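Reading through the structure tokens given below for one structure.
Source: prediction; values computed, not measured.
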Number of protein chains: 2
Amino acid sequence: MTSSRPFKHAVDLLTQSGLRPTRQRVGLARLLFEAGDRHVTAEQLHAEAMADNLKVSLATIYNTLHQLTAAGLLREVVVDPSRSYFDTNNTLHHHFFHEGLGWLVDVPGSKVVVEALLQPPPGTRVTRVDVIIRLADAPEGEPEVGAGGNRRLE
Amino acid sequence: MTSSRPFKHAVDLLTQSGLRPTRQRVGLARLLFEAGDRHVTAEQLHAEAMADNLKVSLATIYNTLHQLTAAGLLREVVVDPSRSYFDTNNTLHHHFFHEGLGWLVDVPGSKVVVEALLQPPPGTRVTRVDVIIRLADAPEGEPEVGAGGNRRLE
DNA sequence: GTGATTGCAAATCTTTTGCACTAAA
DNA sequence: TTTAGTGCAAAAGATTTGCAATCAC
């Protein structure tokens with residue numbers, strides 16, 4: 001798994017972002033950044049913290065997720081209208097999203113080429129381009145295409 | 001505003017989708033489909049209906065938006081974690097989304113080429129590819145690029 | 001200490017639901 | 001009639017907020 005960031009002690013990550021390394025934040029930073037690239041919802045992270053014996057309130061989970069996002073350590077991924085996902089991969093990339101199962105998988109930026117044949121509206125600038133490849137389960141005998149083949153999508 | 005053709009059109013749209021053309025649904029269909037391509041939130045449509053003297057409850061707005069979406073007449077656009085937008089354009093296209101102002105603008109499918117150099121995960125199939133070009137206000141003296149120029153985005 | 005951080009509970013906001021009432025066919 | 005559709009108010013989730021208690025420095 002390609003870590004998006006050279007490993008750093010959780011305390012350093014926080015300190016360098018101007019966040020006081022409290023017990024809660026250090027614990028959450030560990031859960032988030034020590035296991036490679038991940039995508040979590042606030043609820044999921046909370047459950048994980050509990051399971052890890054880290055006592056944190058949901059309010060603090062939200063606070064911390066937003067602070068880490070503001071610090072550039074996390075990125076919010078908008079794919080589901082009912083909840084927010086936070087992504088620990090802060091390199092240029094896109095996503096596969098399985099609507100039924102609710103899971104996200106990174107797609108390296110190098111694997112997707114987006115060519116836009118137009119300019120952004122006057123007075124605006126592009127801040128980011130998100131490509132979301134929505135998935136569903138394939139039918140029974142799914143026709144398998146040659147692995148690694150390119151795929152033109154529109 | 002009292003043209004009978006659009007009225008008939010809305011009724012037909014509903015009927016052909018297996019939806020009983022009730023006063024509320026017809027009124028909403030007219031608001032949605034008589035003005036070209038639009039993007040509305042439930043709250044916006046509700047306000048519009050009120051302003052148009054169409055008495056509809058918010059619950060019915062939600063019901064109708066979802067029914068029209070299920071019927072393929074609307075498409076839900078997920079760009080903002082706090083609310084859903086419904087798009088009356090059901091052709092292949094993508095979006096510009098201004099984060100600060102909350103507006104959406106269609107980008108014709110023909111203006112965006114997405115090339116994915118990988119296959120979807122085993123057992124899945126691609127249902128849709130969404131490209132969201134996120135915008136912010138351009139800085140004061142924005143450097144204007146030649147109009148119509150292509151733009152490689154990643 | 002003192003200022004930042006946390007937890008809790010209440011508050012918000014969007015969206016959904018239960019159910020009696022109303023209207024289309 | 002018969003059955004779908006509607007409105008209301010309550011419920012459900014996700015997220016935020018106010019504020020006193022607590023912790024880091």
Between B:K55 and D:dC8, is there a contact of a side-chain N or O with OP1 or OP2 at under 4.0 Å?
yes
Please determine whether a side-chain nitrogen or oxygen atom of B:R25 lies at a distance below 4.0 Å from atom OP1 or OP2 of D:dA4.
no
Residue of the set B:L58, B:L54, B:L65, B:V56 for which side chain to side chain contact (heavy atoms under 4.5 Å, CB included) holds with B:L45:
B:L65
Side chain to side chain contact (heavy atoms under 4.5 Å, CB included) with A:D87: of A:D106, A:L74, A:L32, only one passes, and it is A:D106
Any donor and acceptor pair, going by atom type alone, linking the side chain of A:T88 with main-chain N or O of A:R38 inside 3.5 Å?
yes
Taking the side chain from A:H98 and the backbone from A:L101, do they hold a donor-acceptor pair closer than 3.5 Å?
yes
Should [X] and [Y] count as side-chain neighbours, where that means a heavy-atom distance under 4.5 Å?
X: A:R25; Y: A:R20; result: yes
X: A:V78; Y: B:D80; result: no
X: B:L14; Y: B:L68; result: yes

In terms of relative ring orientation, are B:F97 and B:Y85 parallel, tilted or perpendicular, with 30° and 60° separating the classes?
perpendicular
Parallel, tilted or perpendicular: which describes the rings of B:H93 and B:H95, with under 30° parallel and over 60° perpendicular?
perpendicular
So where does chain B start and stop touching DNA chain C, 5' to 3', when the test is distance under 4.0 Å to a non-hydrogen atom?
C:dT14 to C:dA25
Got a sec, which pairs hit salt bridge (charged side-chain N to carboxylate O under 4.0 Å, His left out) with one end in residues 123-136 of chain A, sequence neighbours left out?
A:R75-A:D130, A:E99-A:R134, A:R128-A:D130, A:D130-B:R134, A:R134-B:D130
side-chain contact (heavy atoms from CB on, under 4.5 Å) partners for A:S84, two or more places apart:
A:E76, A:F86, B:P81
Classify every nucleotide of nucleotides 15-20 of chain D by which part a protein heavy atom approaches to under 4.0 Å, writing B for the base, S for the sugar-phosphate alone and - for neither, in 5'-to-3' order.
BBB---
For B:V11 against B:V26, the heavy-atom pair lying closest together
CG2-CG2, 4.0 Å
List the atom of B:K55, the atom of B:Q24, and the distance in Å for their closest heavy-atom pair.
O-CG, 3.9 Å
List every contact pair, protein side and nucleotides 1-3 of chain D side both N or O, where the distance is under 3.5 Å.
none

Would you kindly give the CD-to-C1' distance between A:Q24 and D:dA21, to the nearest whole Å?
13 Å
Pick the closest DNA chain C nucleotide for B:R23 and for A:T64 by heavy atoms, then say which residue is nearer the 5' end.
A:T64
Specify the angle, to 10°, made by the local axes at the two ends of the helix from C:dG1-D:dC25 to C:dA25-D:dT1 when five pairs are taken at each end.
30°
5' priority, DNA chain D, between B:T22 and A:T22 [closest heavy atom]:
B:T22
